[in-house]
Amino acid sequence: MRSSRRPAVLATLAMATMAAGSHPARAQLIAQYFPSDLPGYASSDQADSVVMRQLLGQQPTGIPLGSFIVRPSAALNAGYNTNTLATPHTQSAEFEMDGGLKINSNWSRHALGIFANVSDRRFPQIPVANYTNWATGAGGLLNLGNDTLSLGYTHYLMHLSSMDLGNFGVSRPVPYAADDVRLTYTKLFGRFSLIPSAIFENYSFGRATGGGFDTNYDSLSHRLETGSLTSRFEISTGNAAVMILRGSTAQFVTTPGGTPNDYVDGAAFAGLDLNTDSPVRYRLLAGGETRHFTRSAAPSVTTPTFEIDTIWTPTRLDTVSVFFYRRILDPASPFARNQTVTDGRIQVDHELRRNIFLRGYAEGGMSQTGQTVQGTRSRTQTLFKFGVSANWKVNRTVTASLSYSHVNDYAHGGAAPDPLFADQRSTFASNYIALGVSFAE
């Protein structure tokens, strides 16, 4: 990648692009909540992807403040959810309130950014479903001639949801706090680059509360250290061959009567990143991953892995996106100790008018969990989602939306019931319709 473009582009990249070619926000729980423009969470090998170019083109202009750009945002959605907690008789009105603030430098060489956001969900008929997420962080990038050095830190408080693939036995929101620190260096050798990185994450899980019953999820608390080396060879402008090596170690807390599921994990991926200006652009990664448990008797997990990410633009007004992957659930996810996940999604976007945009999507996935200890049952979960939305760009800063989504889940194999809901079921369906308005500067 050309060094003259790197600081401006890197300042807009998502944290999720750091992880071995992973797709943002679809496979990883925490990747959904990191900002898209925090320096220090950037990965040079993704800077020319069509997804990143779209993010750049759609970003609000922001408010200039000296050599910084300030971007406030807020959103309010009101709707009705037929199943808030994946259990019968938990239908409720739903109110979503979001706010955020991002400040990024507008320098020609280096980059600096900070952010803070909060997301609140209220369910008047089911108060135990209420929760508030928040996050804050900072990151910086130094341009060292043809090379770059970046450092980022984020602290956040989130909640597990029963609507996420792989979250077995969760009904009420489960709080967890985490700290994330990562250091990345990019070394250029002409058209070839090497990108080593080191990541430290610390997760602390709390209790699902409400209704007089507390359920402790402290056994999921763990530390995670990850090192990776990405190599990229630029075949031509916007096209590259990529190879990624990654190793991780996790240390879980010791709980009474339990055995920590500490593990070591290794993965290798190779593929192509073809993003020239053509109607079809895609990324393909394939490889393998293996995970071995060092303190428990859980069997090792080894599986081939792949990821295909394609964007087709048949006309100037239409975009079709297809994403399909298989891998051991990324180490950042709380229930990722021994789950193998296969998931696919197709999304169609259409510009109906200059200020009216339509979107439809469908997604299907399966999570298979091996034995945690010898003699226990394996677990299987299938999850299907689809939805449609219409967005009206009222003016430069205000957007109104109407959306509908459906989730259908089936799980079997020993998911622990929630003591608050005696009629909790492994199979559930949820429908949600909402009106919303958002502001972004």
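The residues of the chain are indexed from 1 along the displayed sequence.
Using cut-offs of 30° and 60° on the angle between ring planes, the pair Y325 and F323 is tilted.
Among residues two or more places apart in sequence or in another chain, the side chain to side chain donor-acceptor pair (under 3.5 Å) test is passed with E96 by Y432. Not counting sequence neighbours, the partners of R295 by the salt bridge (charged side-chain N to carboxylate O under 4.0 Å, His left out) test are D262. Looking at residues two or more places apart in sequence or on another chain, you find a side chain to side chain contact (heavy atoms under 4.5 Å, CB included) between F439 and P72, T397, E441. With sequence neighbours excluded, the residues forming a side chain to side chain donor-acceptor pair (under 3.5 Å) with S221 are D218, listed by chain and number. Under the ring pair (Phe, Tyr, Trp, His ring centres under 6.0 Å) criterion, F95 pairs with no residue at all, not counting sequence neighbours. The side chain to side chain donor-acceptor pair (under 3.5 Å) check on S438 picks up nothing, with sequence neighbours excluded. Checked against side chain to side chain donor-acceptor pair (under 3.5 Å), T132 has the following partners two or more places apart in sequence or in another chain: D120, R122. Applying the salt bridge (charged side-chain N to carboxylate O under 4.0 Å, His left out) test to R223 and every residue at least two apart in sequence or in another chain returns nothing. Partners of F200 by ring pair (Phe, Tyr, Trp, His ring centres under 6.0 Å), not counting sequence neighbours: none found. Every residue meeting the side chain to side chain contact (heavy atoms under 4.5 Å, CB included) condition with S300, not counting sequence neighbours, appears here in chain and number order: H292.
A salt bridge (charged side-chain N to carboxylate O under 4.0 Å, His left out) check over residues 314-326, counting only residues at least two apart or in different chains, returns nothing.
Note: F123 CZ to N130 CG = 7.0 Å, rounded to the nearest 0.5 Å. The OG atom of S150 sits 9.5 Å away from the CZ atom of R182 when rounded to the nearest 0.5 Å. The CG atom of L358 lies 6.0 Å from the NE2 atom of H350; values are rounded to the nearest 0.5 Å.
Panel note: side chain Q125, backbone A93; a donor-acceptor pair is recorded below 3.5 Å. Between the side chain of T84 and the main chain of T90, a donor-acceptor pair closer than 3.5 Å is present. The closest donor-acceptor contact from the side chain of T136 to the backbone of F115 lies under 3.5 Å.
Geometric assessment of R291 against the ring of F293 yields a negative cation-pi assignment under the 6.0 Å and 45° thresholds.
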Could you pull out every donor-acceptor pair under 3.5 Å between side chains of residues 74-81 and any protein atom, sequence neighbours left out?
residue	atom	partner	partner atom	Å
N81	OD1	N83	N	2.9
N81	OD1	S430	OG	2.9
N81	ND2	E94	OE1	3.1

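Looking only at atom types and distance, the side chain of S197 has a donor-acceptor partner in the side chain of S228 under 3.5 Å away. Between the side chains of E225 and T249, at least one donor N or O lies within less than 3.5 Å of an accepting N or O.
Within a 6.0 Å sphere centred on CH2 of W134, heavy atoms belonging to other residues, nucleotides or ligands number more than 12. No more than 12 heavy atoms of other residues, nucleotides or ligands lie within 6.0 Å of OH in Y282, so this atom counts as exposed by the packing criterion.
For the residue pair I114 and A138, the shortest heavy atom distance occurs at CG2-CB, 3.7 Å. The minimum heavy-atom distance linking A268 with L245 is given by the pair CB-CD2, 3.6 Å. The two residues A429 and T82 make their nearest non-hydrogen contact at O-OG1, 4.4 Å.
R353 has no carboxylate O lying under 4.0 Å from a charged side-chain N of E351, or vice versa, which leaves the two without a salt bridge.
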Exercise for the section: Start with the C-alpha gap between S389 and S403, add the side-chain angles, then the distance that decides, and say whether side-chain hydrogen bond (donor to acceptor under 3.5 Å, both in side chains) holds. Expected result: CA-CA 4 Å; S389 64; S403 63; over 6 Å; no
Problem - Candidate pair Y176 and Y217, rule ring pair (Phe, Tyr, Trp, His ring centres under 6.0 Å), full reasoning - result: CA-CA 9 Å; Y176 67 99; Y217 287 84; over 10 Å; no
Practice task
Walk me through it: do R232 and T230 pass the test side-chain hydrogen bond (donor to acceptor under 3.5 Å, both in side chains)?
Solution key: CA-CA 7 Å; R232 177 184 175 95; T230 301; over 6 Å; no
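Among S119, P173, P175, the single residue meeting the side chain to side chain contact (heavy atoms under 4.5 Å, CB included) criterion with Y131 is P173.
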